[in-house]
A.B. asks: 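This is the structure I have questions about; it appears just below.
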Amino acid sequence: MYSIYEKIREQIETVVKDAILRSISKGLLPEIELPPIMMEKPREEAFGDFSTNIAMQMAKQARKAPGQIAQIIIDRMKTDGTFVVRVEAAGPGFINFYLNNEWLYETLDLIDEKKEDYGRVNIGNGKKVMVEFVSANPTGPLHMGNARGGALGDCIASVLEKSGYSVTREFYVNDAGNQMEKFGASLEARYLQKIYGEDKIPFPEDGYMGEDIIDHVTEYISEHGDELAQKSSEERRKDLVEYALPKNLKRIKDGLARYGIHYDVWFRESTLYSGEIEETMNILKERGFVTEKDGALWLNGEKAGLERDEVLIRQNGLPTYMAADIAYHRNKFVKRGFDKVINLWGADHHGHVARMKAAMDAIGVDSSRLEIIIFQLVRLFKNGEIAKMSKRTGRAISLDDLLDEVGVDAARFFFNLKTSGSHLDFDMDLAVEQSNNNPVFYVQYAYARICSLLRKLAEDNIVVPDAKAVFKELLSKPEEIKLIKRLAEYPEEVSLAAQTLEPSRLTRYVMDVASDFHSFYNACRVKGEEENLMYARLLLVNCTKIVIKNVLDLIGINAPEKM
RNA sequence: GCGCCCGUAGCUCAGCAGGAUAGAGCACAAGUUUCCUAAACUUGGUGUCGCACGUUCGAAUCGUGUCGGGCGUACCA
């Protein structure tokens, strides 16, 4: 068992199902096909600990009023040997269950037993899943979009790991194709401008405007001089790219490492050019998905279910980004055998989603195995004003800048505070504020407070007891009960975060844990209480510590023992 | 024009495999510390769920239309 919810769900399902079957056999309900019995937590505490809407689900088929059905079921319900102490029909036909506190005390046993594994669930069954994220162009520094995608992707990967999937984190390095051409052309232009003067050499219209390009050539010249001016353009670009690309990649790698992100695989686009793109194009040809026109090779839109045709191989013989990407995804699924692939793309790439999915079906890979998460872009706020970031204008606020200003914890926390679909305004002033306005501090403070309490008790040789040896039934104050209920939700939260691919719910969850803890702390003393009560509370405090730590570890945020 | 995302309290957002009086945090106001970290807690009001139709016993949640904001619509990536 990994979760008390699991146990309660089983109990309620069994009890309800048995009651329904008994009712049917007595002719009180018609013989119908049973809908799945859903257990939910009522919004209001007054509606019991858990409820089910099964009576309403059955109403149509059974041709009876939901309230009536609920009562029939309840009258035949046998709850011996379960947590359930009272059942009632309420509202439009809900069946509400009231539990004794035993399930809460078992929660503490479970947390104490599992410790850092509390919250681990198994919905993945070891399935191989890849999360590909950030995959920033190695033509410049990481920007805010990468920062959000990075925090999100890394946490999604962590949540899936906790949920029983075998996870690979991957970064796709676009070290080939058109943008490398543009990168080379941009470097070359800046190089020649340095030597002959800015007004003498035009900068390519679609070149990379960033300061970093200039920095590269400045460094290059100081290390290697200006003899490249004499060489051919082709050679010049090649040398400059070979100089700058590894530097950019290292910077990206270091920046992400600082951000707490470590990849299993850095996959280079260039490796696809020695056969795999061609192979993939041949498969598309064989399956009849391509047409040739105007000297180019196209993906047939009509056949693939797209609005229009898409170029795969240009007139000049070079594959498009899309051709490489199809080959890349074929590599993920076919060559490397991932059951499921999750890609994180910024909103500016959403147009590519339908095309990639269609392309997967076209090469014979079920496109439902490819999940693409589109996250909305970020607006950075500082001093109440929008702080612009743009790789093109050269006035970019990079990931490094952000981390310098707000730190890793705040960045990761804030980027995981909202659902990926929501537009995100990042308030840099709030992120560094050391007050209760700042949710990062709020949560970390709760943890530090717990650690401090434990230290104080340890000074008097009072240590956390074994859960089994504690009189847990002494925990009965509203603040204690509320906190334990919250802790009991954790595995469920992990499971939901994995299913919806929304780690933001864990960030919000840990804020709730912190809040419930602070309330408990203000209402209940530990040190100095009667011994049995003190140990019971001490156990609860330590369980809270375990849960907060587990969540913070999961989302990659520091849990400070002192603040 | 077409496509995708978003529109819920003054602000930032949850809720959206339809279900019980729509929730948090912030802001604002008043209180709480001889006591384990007051970076904390307690109490207080707020909503045409963008708008309009439709499906349903029941819609913030599903469908259609519409308005507003963002993004996309290249032989760019």
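Sequence lines set the chain letters: A, B, ... in the order given, protein chains first and strands last, and positions in each chain run from 1. Any value given below was found using the heavy atoms of this structure, including those in side chains, with hydrogens, waters and symmetry copies removed.
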A.B. asks: Hey, are A/D325 and A/R355 close enough for a salt bridge, meaning a charged N less than 4.0 Å from a carboxylate O?
C.D. replies: no
A.B. asks: From CG of A/D516 over to C1' of B/rA40, roughly how many Å is that when rounded to an integer?
C.D. replies: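 Atom-to-atom, A/D516 to B/rA40, this comes out as 14 Å.
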A.B. asks: Rounded to the nearest 0.5 Å, what separates atom CE in A/M38 from atom CE in A/M56?
C.D. replies: 11.5 Å
A.B. asks: Determine the interatomic distance between C1' on B/rU21 and the same-named atom on B/rC49; round to the nearest Å.
C.D. replies: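 One C1' to the other, the span is 15 Å.
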A.B. asks: If you take the centroid of each ring, where Trp contributes its six-membered ring, are A/Y447 and A/F517 closer together than 6.0 Å?
C.D. replies: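 Ring centroids of A/F517 and A/Y447 are no less than 6.0 Å from each other.
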A.B. asks: By the 4.0 Å heavy-atom rule, please label A/R355 as base, sugar-phosphate, or nothing.
C.D. replies: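 It contacts base atoms.
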A.B. asks: Can you find a donor-acceptor N/O pair under 3.5 angstrom joining the side chain of A/H350 to the base of B/rG3?
C.D. replies: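 By the distance-only test, yes, there is a pair.
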A.B. asks: Ring centres within less than 5.5 Å and planes less than 30° apart: is that true of A/F94 and B/rA20 in this structure?
C.D. replies: yes
A.B. asks: What is the distance from NZ of A/K482 to C1' of B/rC41, rounded to the nearest Å?
C.D. replies: 12 Å
A.B. asks: Reckon A/R43 has a side-chain N or O less than 4.0 Å from the OP1 or OP2 of B/rG23?
C.D. replies: yes
A.B. asks: How close or far is atom C1' of B/rC71 from atom CZ of A/R148, stated in whole angstroms?
C.D. replies: 13 Å
A.B. asks: Under 4.0 Å, heavy atoms only, any strand: does A/Q179 hit a base, just the sugar-phosphate, or nothing?
C.D. replies: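 Sugar-phosphate, backbone atoms only, no base.
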A.B. asks: Checking all strands, does A/C524 fall into the base, sugar-phosphate, or nothing category for heavy-atom contacts under 4.0 angstrom?
C.D. replies: base
A.B. asks: Answer yes or no: is there an ion pair linking A/R9 with A/E492, defined by an N-O contact shorter than 4.0 Å?
C.D. replies: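 A salt bridge is present here (some side-chain N lies under 4.0 Å from a carboxylate O).
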A.B. asks: So which nucleotide does B/rA24 pair with, by the Watson-Crick or G-U wobble rule with both distances under 3.5 Å?
C.D. replies: B/rU12
A.B. asks: If each of A/P42 and A/R505 is mapped to the nucleotide of RNA chain B with the nearest heavy atom, which maps nearer the 5' terminus, i.e. the 5' end?
C.D. replies: A/R505
A.B. asks: Figure out the CG/P separation between A/L496 and B/rA14, and round it to whole Å.
C.D. replies: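 Between P of B/rA14 and CG of A/L496: 16 Å.
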A.B. asks: Does any nucleotide pair with B/rC35 by Watson-Crick or G-U wobble geometry, both distances under 3.5 Å, and what is it?
C.D. replies: none
A.B. asks: Hunt down the Watson-Crick or G-U wobble partner of B/rA29, both distances under 3.5 Å, from any strand shown, or write none.
C.D. replies: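 Base-paired to B/rU43.
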A.B. asks: Which nucleotide, in any strand shown, forms a Watson-Crick or G-U wobble pair with B/rC62, with both distances under 3.5 Å?
C.D. replies: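 Its partner is B/rG54.
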A.B. asks: Can you tell me, in whole Å, how much space there is between the P of B/rG15 and that of B/rC2?
C.D. replies: 30 Å
A.B. asks: For A/T419, report the nucleic acid contact type (base, sugar-phosphate, nothing); a contact means any heavy atom under 4.0 Å.
C.D. replies: sugar-phosphate
A.B. asks: Using atom P of each nucleotide, how far apart are B/rC6 and B/rC28 to the nearest Å?
C.D. replies: 32 Å
A.B. asks: Closer than 4.0 angstrom, basic N to acidic O: yes or no for A/K485 and A/D516?
C.D. replies: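 So A/K485 does not pair with A/D516 through a salt bridge.
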A.B. asks: Decide, for B/rA74, between syn and anti: a glycosidic angle within 90° of 0 counts as syn, anything else as anti.
C.D. replies: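 Base orientation: anti.
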A.B. asks: Taking the six-membered ring of A/F520 as reference, does the NZ or CZ atom of A/K482 fall below 6.0 Å from its centre and within a 45° cone about the axis?
C.D. replies: no
A.B. asks: Say you pick atom C1' in B/rC11 and the same atom in B/rG19; how far apart are they, in whole Å?
C.D. replies: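 That atom pair is separated by 31 Å.
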A.B. asks: Taking the same atom, P, in B/rA60 and in B/rU66, what whole-Å distance lies between them?
C.D. replies: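 One P to the other, the span is 22 Å.
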A.B. asks: Which one is paired to B/rG1, where only Watson-Crick or G-U wobble pairs with both distances under 3.5 angstrom count?
C.D. replies: B/rU73
A.B. asks: Under 5.5 Å between ring centres and under 30° between planes: true for A/F47 and the base of B/rA20?
C.D. replies: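 Answer is yes, a stack.
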A.B. asks: Side chain of A/N96: nearest nucleotide among B/rA20, B/rC2, B/rA14?
C.D. replies: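 Nucleotide nearest to A/N96's side chain: B/rA20.
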A.B. asks: Measure the CG-OG1 distance between A/L483 and A/T544 for me, rounded to the nearest 0.5 Å.
C.D. replies: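 Between A/L483 CG and A/T544 OG1, I get 4.0 Å after rounding to 0.5 Å.
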A.B. asks: If B/rG18 has a Watson-Crick or G-U wobble mate with both distances under 3.5 Å, name it; if not, just say none.
C.D. replies: none
A.B. asks: Could one point to a donor on the side chain of A/D206 or the base of B/rA74 with an acceptor on the other under 3.5 Å away?
C.D. replies: no
A.B. asks: Base, sugar-phosphate alone, or nothing: which one does A/A296 contact when heavy atoms must sit under 4.0 Å apart?
C.D. replies: base
A.B. asks: Kindly say if A/S420 contacts the phosphate of B/rC5, meaning a side-chain N or O under 4.0 Å from OP1 or OP2.
C.D. replies: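 Indeed not, no polar side-chain atom of A/S420 lies that close.
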A.B. asks: Give a yes/no answer on whether the side chain of A/Y521 brings an N or O atom under 4.0 Å of OP1 or OP2 in B/rA39.
C.D. replies: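 No, outside the criterion.
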A.B. asks: More 5' along RNA chain B: A/H349 or A/L453, using each one's nearest nucleotide?
C.D. replies: A/L453
A.B. asks: Would you kindly give the CG-to-P distance between A/N178 and B/rC76, to the nearest whole Å?
C.D. replies: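 Value for this atom pair: 6 Å.
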A.B. asks: Give A/H518 one of three labels, base, sugar-phosphate or nothing, depending on what nucleic acid heavy atoms sit under 4.0 Å from its own.
C.D. replies: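 Sugar-phosphate, no base atom in range.
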A.B. asks: Heavy atoms only, 4.0 Å cut-off, all strands: where does A/D294 land among base, sugar-phosphate and nothing?
C.D. replies: base
A.B. asks: Give A/R525 one of three labels, base, sugar-phosphate or nothing, depending on what nucleic acid heavy atoms sit under 4.0 Å from its own.
C.D. replies: base
A.B. asks: What is the distance, to the nearest angstrom, from the CG atom on A/D427 to the P atom on B/rG25?
C.D. replies: 19 Å
A.B. asks: Looking only at side-chain atoms of A/K60, point me to the closest of B/rA77, B/rC57, B/rC2.
C.D. replies: B/rC57
A.B. asks: How long is the line joining CG of A/N416 and P of B/rU12, in whole Å?
C.D. replies: 20 Å
A.B. asks: Can you tell me how far C1' in B/rG7 sits from the matching atom in B/rU48, rounded to whole Å?
C.D. replies: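 Roughly 15 Å separates the two C1' atoms.
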A.B. asks: What's the closest nucleotide to the A/F441 side chain, out of B/rA39, B/rG15, B/rC71?
C.D. replies: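 Selected nucleotide: B/rA39.
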A.B. asks: The side chain of A/H352 is closest to which nucleotide in this list: B/rU73, B/rC75, B/rA77?
C.D. replies: B/rA77
A.B. asks: Base, sugar-phosphate or nothing for A/D309? Non-hydrogen atoms, less than 4.0 Å.
C.D. replies: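 No contact.
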A.B. asks: Determine the Euclidean distance between corresponding C1' atoms of B/rU33 and B/rU42; express it in Å to zero decimal places.
C.D. replies: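 Pairwise C1' distance, B/rU42 against B/rU33, rounds to 13 Å.
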A.B. asks: Atom CD1 of A/I72 and atom CE of A/M58: how far apart are they, to the nearest 0.5 Å?
C.D. replies: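 Those atoms lie 8.5 Å apart.
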A.B. asks: Rounded to the nearest angstrom, tell me the gap between atom NE2 in A/H423 and atom P in B/rA14.
C.D. replies: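 Taking atom P of B/rA14 as the reference, NE2 of A/H423 is at 11 Å.
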A.B. asks: By nearest atom, which of the nucleotides B/rU12, B/rC76, B/rU73 is closest to the A/R314 side chain?
C.D. replies: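 Ranking B/rU12, B/rC76, B/rU73 by closest atom to the A/R314 side chain puts B/rC76 first.
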A.B. asks: For nucleotides B/rA14 and B/rA9, find the distance between their P atoms and express it as a whole number of Å.
C.D. replies: 12 Å
A.B. asks: Salt bridge between A/R486 and A/E489, side-chain N to carboxylate O under 4.0 Å?
C.D. replies: yes
A.B. asks: Find the distance between CD (A/E132) and OH (A/Y172) and round it off to the nearest 0.5 Å.
C.D. replies: 8.0 Å
A.B. asks: Could you check whether A/S519 gets within reach of a base, just the sugar-phosphate, or nothing at all, counting any heavy atom under 4.0 Å?
C.D. replies: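 The residue A/S519 makes sugar-phosphate contact but no base contact.
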